[in-house]
Each structure stands twice: as C-alpha cells, then as structure tokens.
Amino acid sequence: MLKNIQNNDFADIVTGRRSVKLYDEDVKIPKEELQAIIQEASLAPSSANMQPWRVIVVHSSEGKNKLRPLVQFNTRQNDTSAAMLIILGDTQGELYVEEIYNTAVKQGKMPSEVRDKQVAQIMSMFPQVPKELKIEIARTDASLFAMQLMLIARAHGYDTNPMGGFERDQVVSAFGLDDERYVPVMILSIGKAKVAGLESVRLPSEEITFWR
C-alpha cells in the first residue's frame, strides 16, 4: 500500500484528513487489513527504536459495550465505528530491545557489532530511567505512531478521529492489561465516514514559528 502512494496522493492524504465523529455502521474492516494498517504505522520513529506503542483493538460488540461508559462524550464514534483503537505506551519497552536489534542483524539491516554496542548502551541506561521519564518517552513515541496510523488509514480509504476524552484511570485495566506498565495515550476511532468531518482552520505558519 505505502509503496503505491504518489506525491499527489500523499498531499491529499495529509490535507484531506478530517476528524470523523459519525461512521457508516455497515462498514467493517477485515482483521487482516486492520493488522496491516497497524504494521505500516509501526514504521514511525521511536526513541532507540524501542517501538513502545501498543494497541487494544476494540471491534466486537462486547468490547464496544465495555468501552462505551469510559469514552465520555465520544459514544457516537464508539457506537458507529468499525473499531476503536486504544493507543498505549509501554513503559517497559526495553524488554523488546534484544528482539528488535537481533532481528535487524538477521535481516542484514545492522552489523552485529553495532547491535552489541547499542543494546549494551540502552540496557545500561533505560532500566534505571525514572518512571515519569519513561511515561513521557512512551507517550511521545506512541503519539508519533498514532499520527502515522491516521494517515495510513486514509491511504487505505478509511477515516479516523483522535480522542483524549476518556477515563484514563480505568481503560487499561478494563481490558485486562497492567495499568502500572501501560499508559493510555489516546483513542482512535476508525471506519468509513457517514457524515463528512468538517474542515478546520489552522494558524498560519508565521504565527507558530520563531526564527533566530
């Protein structure tokens, strides 16, 4: 999918993205395609390439019913979307470092001596990083993943809406995960728009840029 996107298509993907709040309930996304979207979004950058994003895919009626009381004013998205994607940050991302770097070596993307040096550096530092900083890193990296996922979803022909209004202190444990380890970042609804999202206004670049 990504390799087939032309420059003009990419510009439309970026400038045409809208936050959709009401979806066509008849449109379902095959599990294989949704998994591909998540895989493509995982090409996002991350600190030390630890890829600390995790996703709870809420797509069943049972899952939607469980999530509904936790999404506050976003029940329309929950009720009509093909899925609600709960984006989490993993504060123990270092547990995957050896797997990630060993795979890079096996695939010929990294010399073994570079792997050895980088893994040693990461594992000598990251486990001792304060929890607050680990949370900040996980949220930053997971946010990069979430933005990329929204654009890739559009490339696949779907719409999304990022949401911050939900019960952050309950959503992780509600789906059986460790809320001491996983930090909720945002929820993305995904599906086909039933009502097009409104075009919004952005501040001009001159107002948000400081030249020194």
Side-chain angles (χ1 to χ4, degrees), residues 1-24 29 34 36-55 71-78 80-91 93 126 129-168 171 182-212:
M1 172 62 70
L2 293 180
K3 292 180 180 178
N4 296 328
I5 297 175
Q6 303 299 316
N7 289 339
N8 290 341
D9 296 330
F10 181 73
D12 178 67
I13 287 169
V14 174
T15 61
R17 188 197 64 79
R18 302 287 183 269
S19 289
V20 170
K21 302 183 185 303
L22 187 63
Y23 296 86
D24 184 341
I29 303 176
L34 193 46
I37 290 171
I38 293 170
Q39 185 67 56
E40 291 166 7
S42 292
L43 294 171
S46 62
S47 303
N49 194 29
M50 288 193 293
Q51 307 163 42
W53 41 75
R54 308 288 180 259
V55 187
V71 292
Q72 301 175 7
F73 305 108
N74 297 305
T75 53
R76 281 192 304 169
Q77 295 95 311
N78 182 72
T80 62
S81 64
M84 297 282 276
L85 309 179
I86 305 173
I87 310 299
L88 309 174
D90 186 355
T91 61
F126 201 81
V129 169
K131 180 71 176 291
E132 294 76 16
L133 182 54
K134 286 187 175 184
I135 290 174
E136 182 179 347
I137 292 169
R139 282 179 172 159
T140 298
D141 291 345
S143 295
L144 291 170
F145 165 82
M147 184 69 250
Q148 184 137 306
L149 194 151
M150 285 188 279
L151 296 178
I152 288 171
R154 260 188 61 75
H156 279 256
Y158 299 109
D159 301 288
T160 57
N161 179 207
M163 290 166 279
F166 59 94
E167 302 295 343
R168 294 173 180 270
V171 72
Y182 299 103
V183 180
V185 176
M186 69 182 75
I187 297 178
L188 301 179
S189 55
I190 184 170
K192 284 272 192 178
K194 188 171 186 178
V195 176
L198 298 175
E199 185 175 1
S200 56
V201 173
R202 294 294 184 270
L203 291 170
S205 62
E206 292 80 5
E207 290 193 30
I208 63 171
T209 307
F210 302 95
W211 296 85
R212 296 291 187 268

* Structure fact -> Smallest heavy-atom separation, Gln148 atom then Ala44 atom, equals NE2-N, 3.2 Å

* Structure fact -> Interatomic distance, CZ@Arg139 vs CG@Leu144, rounded to 0.5 Å, equals 14.5 Å

* Verdict with reasoning, Leu203 to Glu207, per side chain to side chain contact (heavy atoms under 4.5 Å, CB included) -> CA-CA 7 Å; Leu203 291 170; Glu207 290 193 30; 3.8 Å; yes

* To do: Would you sort out whether Asp24 and Lys194 count as a salt bridge (charged side-chain N to carboxylate O under 4.0 Å, His left out), showing the intermediate values?
  => CA-CA 5 Å; Asp24 184 341; Lys194 188 171 186 178; over 6 Å; no

* **Leu88 CG to Phe145 CZ distance, which is reported to the nearest 0.5 Å** => 10.0 Å

* His156 NE2 to Leu151 CG distance, which is reported to the nearest 0.5 Å -> 12.0 Å

* Do side-chain atoms of Arg168 reach the backbone of Pro184 as a donor and acceptor pair under 3.5 angstrom? -> yes

* Flag, side chain of Arg154 to backbone of Ile13, donor-acceptor distance under 3.5 Å -> yes

* To do: Can you measure from CZ (Phe73) to NZ (Lys21) and round to the nearest 0.5 angstrom?
  => 12.5 Å

* **Sub-4.5 Å side-chain heavy-atom contact between Asn161 and Met150** => no

* Asked: Between Leu34 and Ala83, which heavy-atom pair has the shortest distance, and what is it?
  -> CD2-CB, 4.1 Å

* For Ser47, does its backbone N or O pair with a side-chain atom of Asp141 as donor and acceptor, under 3.5 Å? -> yes

* For Val183 and Lys134, what are the C-alpha separation, side-chain angles and deciding distance, and is it a side chain to side chain contact (heavy atoms under 4.5 Å, CB included)? -> CA-CA 10 Å; Val183 180; Lys134 286 187 175 184; over 6 Å; no

* Please report the shortest heavy-atom distance between Leu22 and Val20, naming the atom on each side. => O-CG1, 3.4 Å

* Derivation of the side chain to side chain contact (heavy atoms under 4.5 Å, CB included) call for Leu188 and Leu149 -> CA-CA 9 Å; Leu188 301 179; Leu149 194 151; 3.9 Å; yes

* Asked: What pair of heavy atoms forms the shortest contact from Gln77 to Ser81, and how long is it?
  -> O-OG, 2.7 Å

* Asked: Do you know which two heavy atoms are closest between Ser46 and Met50, and how far apart they sit?
  -> OG-N, 3.3 Å

* Side chains of Tyr23 and Ser189: is there a donor and an acceptor less than 3.5 Å apart? -> yes

* Rounded distance (nearest 0.5 Å) linking atom CD1 of Ile152 with atom CD1 of Ile190 -> 10.5 Å

* For Lys192 and Gly157, indicate whether the former's side chain and the latter's backbone hold a donor-acceptor pair under 3.5 Å. => yes

* To do: Go through the steps to decide whether Ile187 and Leu85 satisfy the test side chain to side chain contact (heavy atoms under 4.5 Å, CB included), and finish with yes or no.
  => CA-CA 5 Å; Ile187 297 178; Leu85 309 179; 5.9 Å; no

* Taking Asp159 for its side chain and Ala193 for its backbone only, find out whether a donor-acceptor pair lies under 3.5 Å. => yes

* Asked: Do Gln51 and Asn49 have side-chain N/O donor and acceptor atoms under 3.5 Å apart?
  -> yes

* To do: Give the minimum heavy-atom separation between Ala153 and Thr160, together with the two atoms involved.
  => CB-CG2, 3.7 Å

* Asked: Quick one: are Trp53 and Val185 in side-chain contact, heavy atoms under 4.5 Å?
  -> no

* Asked: Once you round to the nearest 0.5 Å, how far does CZ of Phe166 lie from CE of Met186?
  -> 8.5 Å

* **Contact check, side chains of Lys131 and Thr91, non-hydrogen atoms, under 4.5 Å** => yes

* To do: Examine distances only and state if a side-chain atom of Asn74 and a backbone atom of Gly165 form a donor-acceptor pair shorter than 3.5 Å.
  => yes

